[in-house]
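See structure below.
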Amino acid sequence: MHEVVVAADREALAQLAAEFIARLAERSEKDRFHMALCGGKTPRLLYRKLASPPIVDEIPWQNLHIWWGDERAVGPESRESNYKMARETFLERAPISDDRVHRIEGELGAKRAAVEYERTLMSQFSGDVGFDLILLGVGVDGHTASIFPSGMDQLSEGRPVAVTHGGTPPLDRVTVTLDVINASSQVVFLVEGQEKAEIVERVLMSDETLPASRVSPAAGDDHLHFFLDRAAAYELDRLAER
Ligand code: 6PG
């Protein structure tokens with residue numbers, strides 16, 4: 001059974017998720033812990049907490065490799081860059097060396113950036129590409145990473161990386177595919193806000209028309225975690241009361 005954690009508010013959500021991530025990284029017996037980040041607004045507070053005491057002192061940064069689940073086809077200084085957001089909210093302040101931060105080079109354009117990212121992933125992972133932990137958000141349309149409802153079925157062609165187009169503003173994007181997400185050892189959704197309550201209910205009710213509903217870790221359903229704030233869990237509460 002997947003885990004659903006409901007936090008009182010967005011501050012508590014970020015704190016609980018940061019503690020969860022620190023525990024995962026700390027308990028990993030591996031000398032490399034591959035963590036893929038998501039973009040958007042939701043993870044900002046979480047990322048700040050990862051690089052602030054006490055959490056920053058609990059994470060074995062010497063083991064961490066940072067990746068992205070998706071990126072917009074923009075440069076690292078663009079306000080739309082997921083890399084820029086992560087750099088400014090935590091990478092600049094965390095004790096992690098640049099050679100362990102594997103950004104998607106959106107400035108190359110989506111097609112070339114996807115080829116380069118796939119090459120880097122294949123060089124780091126022998127066999128199936130899968131992270132130790134991947135963080136995911138959910139859009140109000142049920143997209144996750146940059147896998148959008150339209151064209152979702154074309155994405156699982158056995159490739160780890162794909163090019164898509166969408167989001168707000170609509171941009172060319174590079175995304176890992178569901179193959180990679182589901183090959184990852186731990187999958188964490190981070191969702192906040194009343195505007196996500198309806199889509200959260202649809203995802204948790206396994207509405208297969210939604211990319212986020214297709215997330216199903218091969219490691220087992222107990223490797224899938226939904227970290228929600230009370231507002232995003234609103235419809236679940238109503239469901240439980242029925
Ligand atoms: C992106 C993200 C995307 C995001 C959702 C939720 O590049 O935009 O990876 O999948 O997680 O759109 O975004 P918010 O957190 O801003 O609601």
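We count ligands from 1, going down the list as the structure has it; atoms in each ligand are counted the same way.
- Not a single N or O atom of Ser146, backbone or side chain, sits closer than 3.5 Å to an N or O atom of ligand 1.
- Among all non-hydrogen protein atoms, the one lying nearest atom 11 (O) of ligand 1 is Gly137 CA, 3.3 Å.
- Going from atom CG of Asp172 over to atom NE2 of His165 covers 5.5 Å, rounded to the nearest 0.5 Å.
- Using a 30° and 60° split on the angle between ring planes, Phe227 and His225 fall in the tilted class, from 30° to 60°.
- Contact annotation for Val138 and ligand 1: only backbone heavy atoms (N, CA, C, O) come within less than 4.0 Å of the ligand.
- The aromatic rings of His65 and His102 sit parallel to each other, their planes meeting at less than 30°, with 60° as the upper class boundary.
- The shortest contact between atom 15 (O) of ligand 1 and any protein heavy atom is with Thr42 OG1, 2.6 Å.
- Ligand 1 has Arg72 within reach: a non-hydrogen atom of the residue lies less than 4.0 Å from it.
- Of all the atoms in ligand 1, the ones that sit under 4.0 Å from a non-hydrogen atom of Arg173 are 1 (C), 7 (O), 8 (O).
- When the heavy atoms of Gly69, Ala145, Ser81, Cys38 are ranked by distance to atom 3 (C) of ligand 1, first place goes to Ala145.
- Ring to ring, Phe131 and His34 are not that close: their centroids are 6.0 angstrom or more apart.
- Of all heavy-atom pairs spanning Leu190 and Thr42, the tightest one is O-CG2, 3.6 Å.
- Looking from atom 4 (C) of ligand 1 to the surrounding protein, the closest heavy atom is Gly39 O, 4.0 Å.
- Contact record, Ala7 with Leu16: CB-CD1, 3.8 Å, taken as the closest heavy-atom pair.
- Scanning all protein heavy atoms for the shortest distance to atom 2 (C) of ligand 1 gives Asp70 OD2, 3.5 Å.
- In this pair, Phe189 and Phe226 present their aromatic rings parallel. The plane angle is below 30°, not in the 30 to 60° band.
- Atom 14 (P) of ligand 1 has its closest protein heavy atom at Lys41 N, 3.6 Å.
- Asn182 places no side-chain N or O within donor-acceptor distance of the main-chain N or O of Ala218, the cut-off being under 3.5 Å.
- Per-residue contacts place Asn82 under 4.0 angstrom from the following atoms of ligand 1 (heavy atoms of the residue considered): 1 (C), 7 (O).
- For ligand 1, the atoms lying closer than 4.0 Å to a non-hydrogen atom of Lys196 are 6 (C), 14 (P), 17 (O).
- Of all the heavy atoms of His143, the ones lying under 4.0 Å from any atom of ligand 1 belong exclusively to the side chain.
- Residues Thr175 and Ala145 share a closest heavy-atom pair of OG1-CB, 3.4 Å.
- Side-chain polar atoms of Glu19 and Gln15 form a donor-acceptor pair below 3.5 angstrom.
- For atom 13 (O) of ligand 1, the closest heavy atom belonging to the protein is Gly40 CA, 3.9 Å.
- Ligand 1 lies out of reach of Glu192, whose nearest heavy atom is not under 4.0 Å from it.
- For Gly167, the heavy-atom gap to ligand 1 stays at 4.0 angstrom or more.
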